[in-house]
There are 2 protein chains.
Amino acid sequence: MAHDRPLADRAAQPRRRARVTAADVAKTAGVSRSAVSRAFTPGAYLDEDKRQRVLKTAMDLGYRPNALAASLQGAATDLVGVVVGGLSNPYDSEWLAALVSALNASGKWPIVLGGQAEGLDESVTSILSYPLDALIVRGGSLGEALIDNCTKLNIPVIFSGRVISHPAIDCVACRNHMGMVQAVTLLLESGRRRIGYIGGPPTLSSEKERLAGVVERLAKAGLTPAAQVTSDYSFDGGKSAMRALLQDASPDAVVCANDAMALGALSFARNTCNLTVPDDLAIIGFDDIAMADWAEFDLTTVRNPLEETVNEVLRLLEDRLANPQKPGEVVMVEPMLVKRGTH
Amino acid sequence: MAHDRPLADRAAQPRRRARVTAADVAKTAGVSRSAVSRAFTPGAYLDEDKRQRVLKTAMDLGYRPNALAASLQGAATDLVGVVVGGLSNPYDSEWLAALVSALNASGKWPIVLGGQAEGLDESVTSILSYPLDALIVRGGSLGEALIDNCTKLNIPVIFSGRVISHPAIDCVACRNHMGMVQAVTLLLESGRRRIGYIGGPPTLSSEKERLAGVVERLAKAGLTPAAQVTSDYSFDGGKSAMRALLQDASPDAVVCANDAMALGALSFARNTCNLTVPDDLAIIGFDDIAMADWAEFDLTTVRNPLEETVNEVLRLLEDRLANPQKPGEVVMVEPMLVKRGTH
DNA sequence: CAGTTATGTGAACACGCGTGCATATTTCGA
DNA sequence: TCGAAATATGCACGCGTGTTCACATAACTG
């Protein structure tokens, strides 16, 4: 129980001294509170001497305007919610790092939710108590309810990695289907015929699209997947998936729904099964995370352009803030096949 | 310029409709605004029928109390600043993911700053405009000025990965020196004598301590580092550092200040120089990131216990919030040598 | 010098909320 | 039936800001 402490005790505990306020500065500097406010407002009428005196006093006292109180007047809070699912997928981490960096650079402050799958809905609900300028959501399975909530609260939502068909929602996503078609085509052209697939969580829209891309391209060649396993987008998940796959079938190629699983699969195939890649078995991933380019892996993969995605998210954000009424925009980002050493 | 748009234009742009407020709910439900407030306050006197009616109306309108306005009354904001330096170091990413997850689980909402080194000070200054419950800082070189600012604003600061000698600041850090002593001892015991060192940015306190640990343990054996290179804690940095190191000297072992560089060094030694690890050359890292355990690397390293660190940070946070006046606490976390295949 | 404009300035208000206070209504005991 | 205790409710205040408004002073103009 968090509330089992006696009330008297809690009352006795000295209430944290509030932070220094504009009124404090005013009193110390011997000016009106209005003057303090004006001292921090560029372009406001205020005697230059007095302004300097106020700023000096403010500095001494460590005062700075409370952004939250200011936001009550209608100012933007510059607070942006960022929701990212389980961070076990390295691509999510790279996305988060890039996004945080970009947001900071343009003076937005991200409140980050993520890491844990369970309780995420609840966390998002809590975070909506804050007057966010916007909410940025990375793929995942967060549903329509979220959109409704945000709409009612006038908080714009931007999806990254997932297309939402909603008239007022912005989103940027990769052409997953096309990317997988490119990957499978490459394998077919180099003579592979028994092609397996390691997928991610089936609820994710990215997974559905990638799976569809693989299946449809194979069908066009008169083939079906030699084997198919579902996993969790993680390195370890890729390893176990590969184990299962090799028990069921003996494919000559495996397409993985993301790089983390592809690396796990590659590692298992090489180190545990003593297979030679790509001679015995080709492996292709999706995302092009930094590790894919490391010499140990040299993974052939489909690039899911990170920088472009983040740039588009920021553009959508700024456009939306400039014009809240504009219709929702869907930005598609082009994948690119990166040929390395595993195909 | 962000301000080059004509003022008239900005005024013409329809001011974003404010979010639904308690007064709106009150009017719609036909009750007083106080009743709405009480409906959301557990334990407040309010007719149960009326409470239900208010909650129903609130749900329909998508109302929820504005946490920021509430915080003006003295309530905690549950907002916590999190500052992490360049995220090119995978350990930082792991730390961030774990911390965010833990904070979310206990109802704190992290405002994350990081990714970019330049402008970080400025960002931190900006973020202090918000009434944060606390500020959590990951290592780095953020200085005394920050502490002064936060003290004046009554915002507690918690350092992770760095010891600060300040009477009212909490911090949790790893015994870097001890960890390196363990690493070097292992190498010496297996007969290595020409031991090189790849360090991180010299301004970081963790780097200073790790370097000192290596140098002092070597000195105790009557040795000095066979070679010494400074890099940037990244994988690529580790590669170039290894190149430089092998030009200057031919060590029989290399200690790296973190795992990312160790993996880069390992990769370069194996793939570019055709060295056999550990026969030709031993390599030891620091941190024990997830990748260190992957079969491709199987890196011997010093574990910098992540979970324990994050748990301690959260404990310090909660203790500090419960008792703002308590003296600062320094928690030291024990490193542990993890013997794998590269020594 | 009178009249107009530019420049400073403080009081007062609004923002959205929780809560103390005074009052209104109901419940209970005798 | 009456008083007291318990329950329910609206008004008003304050939290820390930015900004409008009315007003005071200074600086020009003719």
Side-chain angles (χ1 to χ4, degrees), chain A residues 7 11 15-54 58 61-79 128-132 153-154, chain B residues 7 10-11 15-54 58 61-79 128-132 153-155:
Chain A
L7 277 177
R15 191 175 166 290
R16 197 171 73 197
R17 181 166 60 85
R19 65 191 262 153
V20 45
T21 179
D24 299 334
V25 177
K27 186 182 288 182
T28 306
V31 301
S32 76
R33 197 188 58 72
S34 303
V36 177
S37 180
R38 280 189 253 266
F40 285 90
T41 306
Y45 279 132
L46 187 63
D47 183 69
E48 192 52 33
D49 280 357
K50 188 182 283 193
R51 161 169 275 139
Q52 289 307 328
R53 188 153 39 102
V54 169
L61 266 52
Y63 166 80
R64 78 194 58 211
N66 182 331
L68 266 44
S71 83
L72 277 186
Q73 326 278 356
T77 58
D78 291 333
L79 253 28
L128 291 180
S129 295
Y130 299 84
L132 306 176
L153 290 167
N154 277 98
Chain B
L7 277 176
R10 209 186 305 175
R15 192 175 165 291
R16 199 170 72 197
R17 181 166 59 84
R19 63 191 263 154
V20 45
T21 178
D24 299 334
V25 177
K27 186 183 290 184
T28 305
V31 301
S32 76
R33 197 186 56 71
S34 304
V36 177
S37 181
R38 282 188 248 266
F40 284 89
T41 307
Y45 280 133
L46 187 63
D47 183 69
E48 192 52 33
D49 281 356
K50 188 181 283 193
R51 161 169 273 137
Q52 290 307 329
R53 189 152 38 103
V54 169
L61 267 50
Y63 166 80
R64 78 194 58 210
N66 181 332
L68 265 45
S71 83
L72 277 185
Q73 326 277 356
T77 59
D78 292 334
L79 252 26
L128 291 179
S129 296
Y130 299 85
L132 305 176
L153 291 167
N154 276 98
I155 297 179

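Hydrogens, waters and symmetry mates are skipped; everything else that's a heavy atom, side chains included, is used. Order of the sequence lines sets the chain letters (A, B, ...), proteins ahead of strands, with each chain counted from 1.
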Under the side-chain contact (heavy atoms from CB on, under 4.5 Å) rule, collect the residues that match up with A:Ala35, sequence neighbours excluded.
->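 If we apply the side-chain contact (heavy atoms from CB on, under 4.5 Å) test to A:Ala35, skipping adjacent residues, the hits are A:Val31, A:Ser32, A:Leu46, A:Lys50.
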Between protein and nucleotides 5-13 of chain C, map the contacts as a letter string: B base, S sugar-phosphate only, - none, heavy atoms under 4.0 Å, written 5' to 3'.
-> --SSBBBB-
Output the distance between atom CG (A:Leu61) and atom CG (B:Leu153), rounded to the nearest 0.5 Å.
->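 CG of B:Leu153 is found 10.5 Å from CG of A:Leu61.
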Atom CG in A:Leu68, atom OG1 in B:Thr77: separation rounded to 0.5 Å?
->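 One gets 7.5 Å once the value is rounded to the nearest 0.5 Å.
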Which part of the nucleic acid does B:Ser37 contact within heavy-atom distance under 4.0 Å: base, sugar-phosphate only, or nothing?
->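 It contacts base atoms.
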Classify the nucleic acid contact of B:Thr41 as base, sugar-phosphate or nothing, counting any heavy atom under 4.0 Å across all strands shown.
-> sugar-phosphate
Looking only at heavy atoms, which two atoms of [X] and [Y] are closest? And how far apart?
{"X": "B:Ala22", "Y": "B:Tyr63", "value": "N-CE1, 3.3 Å"}
{"X": "A:Arg19", "Y": "A:Arg64", "value": "NH2-O, 3.4 Å"}
{"X": "B:Asn66", "Y": "A:Pro131", "value": "OD1-CD, 3.6 Å"}

Rounded to the nearest Å, what distance is computed from the [atom1] atom of residue [X] to the [atom2] atom of nucleotide [N]?
{"X": "A:Phe40", "N": "D:dG16", "atom1": "CZ", "atom2": "P", "value": "16 Å"}
{"X": "B:Leu68", "N": "D:dG16", "atom1": "CG", "atom2": "C1'", "value": "12 Å"}
{"X": "B:Tyr63", "N": "C:dG16", "atom1": "OH", "atom2": "P", "value": "10 Å"}
{"X": "B:Lys27", "N": "C:dG16", "atom1": "NZ", "atom2": "P", "value": "12 Å"}
{"X": "A:Leu72", "N": "C:dC15", "atom1": "CG", "atom2": "C1'", "value": "5 Å"}

